[in-house]
Amino acid sequence: MLHNIPILQTTINSCIEKTLNSKRAIPIEFLKSFLVLLENHSFSQTAIEVGRSQSAISLQIKRLEEVAGTPILTSSGKSLSLTQQGEILYEYAKQIVRLNDECINRLDGNLLAGKIRIGIPSDFAILFLPLILGRFAETHPNISIDVNCELSTDLRHTIDNQECDIVLALDDGRPTRFLKSLWRDQVSWIGMKSHEIHRISPLPLILYPEPCQYRERIIRTLTKSNVPYRVLFTSQSIGGNHAAI
């Protein structure tokens with residue numbers, strides 16, 4: 001009997017760990033609600049998007065805090081921010097939800113078929129499409145994708161007219177019921193390292209054609225700062241603009 005004590009001890013420890021872990025398991029729907037809440041900073045809006053009551057969302061967040069053993073959110077007025085433990089949970093939540101959705105999509109990928117129409121500016125397309133579409137094609141082999149690359153201003157019309165199912169575009173401030181803010185970026189001025197282009201007057205510019213929002217903001221900024229400029233090169237192609245630089 002004494003010879004079995006290590007085995008018994010290991011078995012008991014394993015059972016205890018499984019019991020504790022089962023009590024601390026996080027349902028996927030809680031993590032999804034958590035991510036939606038962080039996106040729109042509103043319990044009421046989150047309740048609408050996930051199809052649950054506002055009190056149910058509050059209970060889900062409370063349950064997440066019980067699992068974390070500490071608060072995961074702090075609030076200041078209408079603004080929500082993450083605690084240190086909340087930051088950790090946020091990073092894992094994104095991965096867990098993505099893997100869950102990817103698994104489900106892959107399991108029923110053979111059942112889904114059809115066509116998705118995507119509108120995206122060419123500079124975004126070069127950055128995002130290879131990775132996104134490659135992964136999507138693996139999990140949804142029976143779905144074809146039509147990609148339309150245009151300026152953001154033109155792409156907004158395609159979704160308003162139901163010519164595209166998904167549009168990724170720059171926000172020009174005009175209201176639309178389809179608009180959903182995903183991120184805000186810090187733009188930069190780009191030029192050759194070996195030439196001090198920024199010291200030349202008038203400043204030579206390489207721009208997309210009108211009505212490009214980058215172009216409008218560049219010209220507005222230079223005009224406001226009383227910096228003389230001239231448009232040296234214009235192209236709708238990001239490759240053409242790179243070559244010009």
Side-chain angles (χ1 to χ4, degrees), residues 32 35-36 38-41 45 49-50 90-91 93-95 97-106 108-109 111-191 205-221 231-245:
K32 288 185 175 181
L35 293 177
V36 173
L38 291 177
E39 188 176 309
N40 54 43
H41 293 267
Q45 185 61 35
E49 289 195 30
V50 303
Y90 174 64
E91 292 303 321
K94 290 189 294 183
Q95 297 179 56
V97 169
R98 179 183 63 79
L99 286 172
N100 174 79
D101 293 347
E102 189 174 294
C103 176
I104 296 299
N105 289 335
R106 194 155 190 174
D108 65 5
L111 301 177
L112 296 175
K115 180 171 69 174
I116 297 291
R117 302 165 300 172
I118 299 176
I120 186 171
S122 59
D123 45 351
F124 286 0
I126 290 174
L127 291 173
F128 302 135
L129 283 188
L131 177 62
I132 295 173
L133 295 189
R135 182 183 300 159
F136 188 88
E138 288 180 0
T139 55
H140 299 82
N142 296 327
I143 296 180
S144 62
I145 300 177
D146 285 354
V147 180
N148 179 23
C149 290
E150 292 186 33
L151 294 174
S152 293
T153 302
D154 298 326
L155 288 173
R156 289 171 62 97
H157 298 309
T158 65
I159 201 163
D160 288 335
N161 298 332
Q162 298 183 352
E163 296 169 2
C164 281
D165 302 301
I166 301 171
V167 166
L168 184 63
L170 295 172
D171 176 20
D172 62 2
R174 291 178 299 160
T176 171
R177 62 192 179 96
F178 296 111
L179 182 64
K180 188 173 185 67
S181 178
L182 295 178
W183 80 89
R184 183 180 296 272
D185 237 344
Q186 181 69 42
V187 295
S188 303
W189 296 89
I190 302 297
L205 298 179
I206 298 168
L207 302 174
Y208 285 107
E210 295 179 342
C212 170
Q213 291 180 58
Y214 288 127
R215 180 189 182 110
E216 292 175 3
R217 293 175 188 179
I218 287 169
I219 291 176
R220 185 166 64 244
T221 300
V231 179
L232 187 68
F233 184 88
T234 297
S235 173
Q236 281 194 334
S237 163
I238 187 171
N241 287 329
H242 281 183
I245 292 173

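In this text the structure is predicted, and so the values were computed from the model without any measurement. Only this structure's heavy atoms are used, side chains among them; waters, hydrogens and symmetry mates stay out.
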>> The criterion is side chain to side chain donor-acceptor pair (under 3.5 Å); which residues satisfy it with R117, sequence neighbours excluded?
In response: D165
>> Any heavy-atom pair between the side chains of I118 and C164 that's under 4.5 Å?
In response: no
>> Using the side-chain contact (heavy atoms from CB on, under 4.5 Å) criterion, which residues pair with Q213? Sequence neighbours excluded.
In response: S152, T153, L170, D172, R217
>> With rounding to the nearest 0.5 angstrom, report the CZ to OG1 distance, R215 to T234.
In response: 4.5 Å
>> How close do Q236 and P209 get, counting heavy atoms only, and between which atoms?
In response: CG-CG, 3.3 Å
>> Does any part of the side chain of V167, heavy atoms only, come nearer than 4.5 Å to the side chain of E150, both counted from C-beta?
In response: no
> Got a donor-acceptor contact below 3.5 angstrom from the N241 side chain to the S235 backbone?
Replying inline: yes
>> Please report the interatomic distance CG(L155) to CG(N148), rounded to the nearest 0.5 Å.
In response: 6.0 Å
> Are F233 and I245 close enough, and set up right, to give a side chain to side chain contact (heavy atoms under 4.5 Å, CB included), and what steps lead you there?
Replying inline: CA-CA 9 Å; F233 184 88; I245 292 173; over 6 Å; no
>> Rounded at 0.5 Å granularity, tell me how far CD1 in I190 sits from CD1 in I206.
In response: 11.0 Å
>> Can you tell me if E210 has over 12 outside heavy atoms packed within less than 6.0 Å of its CD?
In response: no
>> Applying side-chain contact (heavy atoms from CB on, under 4.5 Å), can you list everything that pairs with Q45, at least two apart in sequence or on another chain?
In response: N40, S42, I48, E49
> Taking it one step at a time, do D146 and K115 satisfy side chain to side chain contact (heavy atoms under 4.5 Å, CB included)?
Replying inline: CA-CA 7 Å; D146 285 354; K115 180 171 69 174; 3.1 Å; yes
